[in-house]
Amino acid sequence: MLEKLEVYESAQIDSAAIEALYLEAFPDENLVPLVQALLQNPVITVSLVGKISAQIVGHTIFTQCCVVGSSIKVVLLGPLAVAPDWKKQGIGSAIVRTGLRRMEVADVSLVCVLGDPAYYMRLGFIRESLVEPPFSLPTEWHDAWQSQYLGDTVTPCAGKLSVPPPWHKPALWLP
Ligand SMILES: CC(C)(COP(=O)(O)OP(=O)(O)OC[C@H]1O[C@@H](n2cnc3c(N)ncnc32)[C@H](O)[C@@H]1OP(=O)(O)O)[C@@H](O)C(=O)NCCC(=O)NCCS
């Protein structure tokens, strides 16, 4: 089925299906306001959908951020959702990998993510300890703050990640 997956930038017409996807994928957490706000900011976000036979089965967003005191190009990956019926078929990984390639082409040096290390380590992410998350995380989440350098970036940067307003809600950074 993965061979039928097409990954590309979402269009305005996809918004309702993307919102429905998040309600389905995150039944205990309403990420729709975050996703709506990010989709309204196409200048600072890259929104990727995965479609199989014209049905949206997965989605993620890369948001342009900055590290305070550094000129490095950095993005935040997330949220990421795959429709429950389509899980464990490589769709989430394929969408993220496509996004990482696009970020590299766009000269992004660093991709940060807050998520389960068991999932993201397969995609090349490792624990980030020099770039601080915008809000302090509970101790049990420290391993969940991860990053990946792209291209030939050799010098790691340090500092606090500054995120745009849709990400300013502290609740998004808490369990
Ligand atoms: C997490 C999610 C995006 C993964 O999408 P997916 O398309 O099923 O993932 P893939 O098929 O690429 O990878 C599946 C593998 O990752 C593992 N995996 C899936 N979610 C995981 C998680 N949260 N933590 C650790 N491993 C996870 C699966 O067990 C599977 O392992 P296997 O290949 O050994 O069987 C999807 O399960 C989802 O939308 N979950 C609900 C929303 C969510 O939690 N999103 C945030 C991600 S931190």
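Counting begins at 1 with the first residue of the sequence. Order of appearance sets the numbers: ligands from 1, and atoms from 1 within every ligand.
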Q.
So, regarding Y120 and ligand 1 (criterion: nitrogen or oxygen to nitrogen or oxygen, under 3.5 Å), is there a contact or not?
A. no
(Q) Checking the N or O distance criterion of under 3.5 Å, is ligand 1 in contact with L114? (A) no
Q.
For atom 11 (O) of ligand 1, what is the closest protein heavy atom, and at what distance to 0.1 Å?
A. G90 N, 2.6 Å
Q) What atoms of ligand 1 come within less than 4.0 Å of a heavy atom belonging to A81? A) 39 (O)
Q. Which atoms of ligand 1 sit under 4.0 Å from any heavy atom of A25?
A. 41 (C), 42 (C)
Q: Could you tell me whether the side chain of K73 and the main chain of A106 form a donor-acceptor pair under 3.5 Å?
A: yes
Q) T60 side chain to P79 main-chain N or O, any donor-acceptor pair under 3.5 Å? A) yes
(Q) For atom 20 (N) of ligand 1, what's the nearest protein heavy-atom neighbour? Residue, atom name and distance, please. (A) Y119 CD1, 4.0 Å
Q | Exam field: side chain E24 to backbone F26, donor-acceptor pair closer than 3.5 Å | A | no
**Q.** Atom CD1 of I13 with >12 non-hydrogen neighbours under 6.0 angstrom
**A.** no
Q: Could you tell me whether the side chain of Q146 and the main chain of G115 form a donor-acceptor pair under 3.5 Å?
A: yes
**Q.** Closest approach of any protein heavy atom to atom 46 (C) of ligand 1, naming residue and atom
**A.** L80 O, 3.7 Å
Q.
I need the atoms of ligand 1 closer than 4.0 Å to a non-hydrogen atom of K88, numbered in the order shown.
A. 6 (P), 8 (O), 11 (O), 28 (C), 29 (O)
Q. Considering all protein heavy atoms, does one lie under 4.0 Å from atom 1 (C) of ligand 1?
A. no
Q | With R122 via salt bridge (charged side-chain N to carboxylate O under 4.0 Å, His left out) - residues at least two apart | A | none
Q | Shortest protein heavy-atom distance from atom 24 (N) of ligand 1, along with the residue and atom involved | A | D116 OD2, 2.8 Å
(Q) Suppose we measure from atom 33 (O) of ligand 1 to each protein heavy atom; which comes out shortest, and what is that distance? (A) R122 NH1, 3.3 Å
(Q) Could you work out, for atom 12 (O) of ligand 1, the closest of S93, G92, G50 by heavy-atom distance? (A) S93
Q.
Under a 4.0 angstrom heavy-atom cut-off, which atoms of ligand 1 come close to K87?
A. 8 (O), 36 (C), 37 (O), 38 (C), 40 (N)
Q. How far is atom 5 (O) of ligand 1 from its nearest protein heavy atom, and which residue and atom is that?
A. V82 CG2, 3.5 Å
Q: Enumerate the atoms of ligand 1 whose separation from the nearest heavy atom of Q89 is less than 4.0 angstrom.
A: 11 (O)
